[in-house]
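Shown next, in structure tokens, is the structure this report addresses.
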Amino acid sequence: MNTTVTVALAVGALVVLVAAIALRLADRLGLPSLLLYLALGVALGESGAGIQFEDYQLTHTLGYAALVVILAEGGLTTRWGDVRRAIGPGLTLSTVGVAVSVGVTAAVGVWLLDLDWGFALLLAAVISSTDAAAVFATLRRLPLPRRLAASLEAESGLNDAPVILLVTVLAESLTGAATQPWWLVGLVVAAELAGGAVIGVGIGFGGAALLRRVALPVAGFYPLATLALCVLAYSSATLAHTSGFVAVYLCGLVLGNAPLPHRAASIGFAEGMASLSQIGLFVLLGLLVSPSRLPEAIGPALLVGGALLLLARPLSVVASLVWFRFPWAQQAFISWAGLRGAVPIVAAIIPLTEEVPGATRVFDTVFVLVVVFTLVQGWSLPFVARRLRIATPVTPRDVQVEAAPLEELDAELMQMRVPEGSRLHGVYLPELRLPEDAAVVLIVRDGRSFVPDRTTRLMRGDQALLVSARRSRSEAERRLRAVSRAGRLASWRGEQGAATEAD
């Protein structure tokens with residue numbers, strides 16, 4: 001093997017291992033891991049280990065590929081039951097909120113930094129997107145009301161597409177490549193978003209039906225096929241001149257909530273690939289930056305970032321959520337929790353590839369802004385949640401169910417583990433109210449296996465094996481999750497009661 005390739009593989013392996021250790025450190029410090037990954041990239045770059053890297057086009061391409069995987073994982077790990085009541089706020093925040101944020105931030109840039117309107121709008125558009133990787137990683141560690149957390153996750157998953165389109169249009173207009181009137185551009189953007197949504201949902205439902213009906217020869221193919229369907233949604237939408245980012249997120253959302261074989265393994269694989277994508281993306285962005293230019297960007301970054309955090313973001317949240325009856329405390333938290341991360345930095349590369357005058361200034365300003373304000377916001381979110389009194393008691397962990405198909409019997413074999421904090425603890429098997437053609441057939445407790453009967457109670461740490469007719473698999477899984485959240489009362493109050501108690 002070529003020596004250069006061998007060295008590259010060794011460096012890549014070391015970077016991943018160091019990044020994994022950094023993730024552990026970030027969890028202990030309460031920091032978004034992206035900051036440590038960026039620092040690792042800077043340390044490897046021209047001012048550290050001396051690696052020279054200035055390929056903006058390659059970074060742009062790899063950045064898009066990483067965002068596809070990150071958004072796919074975000075969709076796959078989002079529960080439809082949590083997000084369905086937040087889809088309206090999420091859509092409004094990702095459209096109306098983005099428009100308000102861009103307008104206000106651009107006005108501040110014109111007023112305080114004496115920028116012309118075109119350049120100010122470009123800078124404001126670049127930083128207007130919240131980052132899916134930062135939001136998913138940070139918020140899922142906090143005990144927040146489900147609707148609030150789901151709104152922020154939906155916003156971060158959906159606002160990448162309009163922001164990337166807006167930045168591309170503004171960059172082209174500043175270089176004279178775009179000549180269409182603004183109203184026509186708006187119609188094209190709306191059509192691309194709608195088209196991407198249709199393609200993503202269509203491929204998601206079609207892929208789910210295919211995976212349920214085709215028995216793959218190796219269980220490990222199911223995670224690969226699931227992620228491949230998400231990537232197919234992105235590429236199909238892009239080739240159709242619609243929004244690939246909307247398509248991949250919605251495709252992941254459909255697949256993640258479908259009763260797929262080996263669903264837990266597929267989601268675990270997607271989480272691992274998303275983590276690898278984040279590491280590669282942030283290290284690459286850290287390599288791309290020139291630390292010697294950053295001091296000049298500190299002043300503009302603090303002014304623009306402060307205006308975004310303290311003025312533009314709150315106004316955009318109020319304008320977006322005024323119709324959805326969010327309490328003021330929750331609106332204040334959403335305003336503070338608009339985390340920036342990889343997406344703004346990747347978007348800042350677009351003006352560089354389009355050769356927009358002053359694009360380097362945009363990139364440096366955005367890089368400093370992301371580092372400073374991610375540090376400030378990410379560290380302070382638990383404190384802000386407590387001060388606003390919106391932090392909820394730690395909710396029971398949801399039960400995880402892994403399924404495998406039994407083709408000849410037209411049945412599903414499901415494996416379940418009762419996690420700590422689950423209200424399944426102490427529930428008698430009849431109280432699960434499983435469908436008539438579903439049953440718990442084996443329990444492993446403290447390393448000992450036994451066949452349960454009607455007097456058997458589930459206990460924390462139990463692993464259970466269930467068999468269900470394929471047509472009843474979804475209902476059996478819904479019952480298990482309902483009881484895990486609401487306890488044995490879910491047997492009498494039904495799914496609505498379970499959902500109400502879990503909120």
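Predicted model only: the values in this text are computed from it and were never measured.
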From CA spacing to verdict: side-chain contact (heavy atoms from CB on, under 4.5 Å), V254, L250: CA-CA 6 Å; V254 171; L250 293 181; 5.6 Å; no

Evaluation steps, side-chain contact (heavy atoms from CB on, under 4.5 Å), between V98 and S129: CA-CA 7 Å; V98 166; S129 175; over 6 Å; no

Pair V376-W336, side-chain contact (heavy atoms from CB on, under 4.5 Å): steps then yes or no: CA-CA 10 Å; V376 171; W336 190 258; 4.1 Å; yes

Is a donor on one side and an acceptor on the other found under 3.5 Å between the side chain of [X] and the backbone of [Y]?
{"X": "E155", "Y": "P89", "result": "no"}
{"X": "Q331", "Y": "F326", "result": "yes"}
{"X": "S320", "Y": "G97", "result": "yes"}
{"X": "S235", "Y": "L232", "result": "yes"}
{"X": "R313", "Y": "S128", "result": "no"}
{"X": "S156", "Y": "E153", "result": "yes"}
{"X": "S94", "Y": "L91", "result": "yes"}
{"X": "D364", "Y": "A297", "result": "no"}
{"X": "D55", "Y": "L288", "result": "no"}

State, with a plain yes or no, whether a side-chain heavy atom of [X] is found less than 4.5 Å away from one of [Y].
{"X": "F53", "Y": "T59", "value": "yes"}
{"X": "Y249", "Y": "D160", "value": "no"}
{"X": "T130", "Y": "L152", "value": "no"}
{"X": "V104", "Y": "S316", "value": "no"}

Geometric class of the F245/Y234 ring pair [parallel <30°, tilted 30-60°, perpendicular >60°]: tilted

Lys NZ or Arg CZ of R293 over F363 ring: under 6.0 Å, within 45°: no

Evaluation steps, side-chain contact (heavy atoms from CB on, under 4.5 Å), between L285 and L281: CA-CA 6 Å; L285 294 173; L281 175 57; 4.0 Å; yes

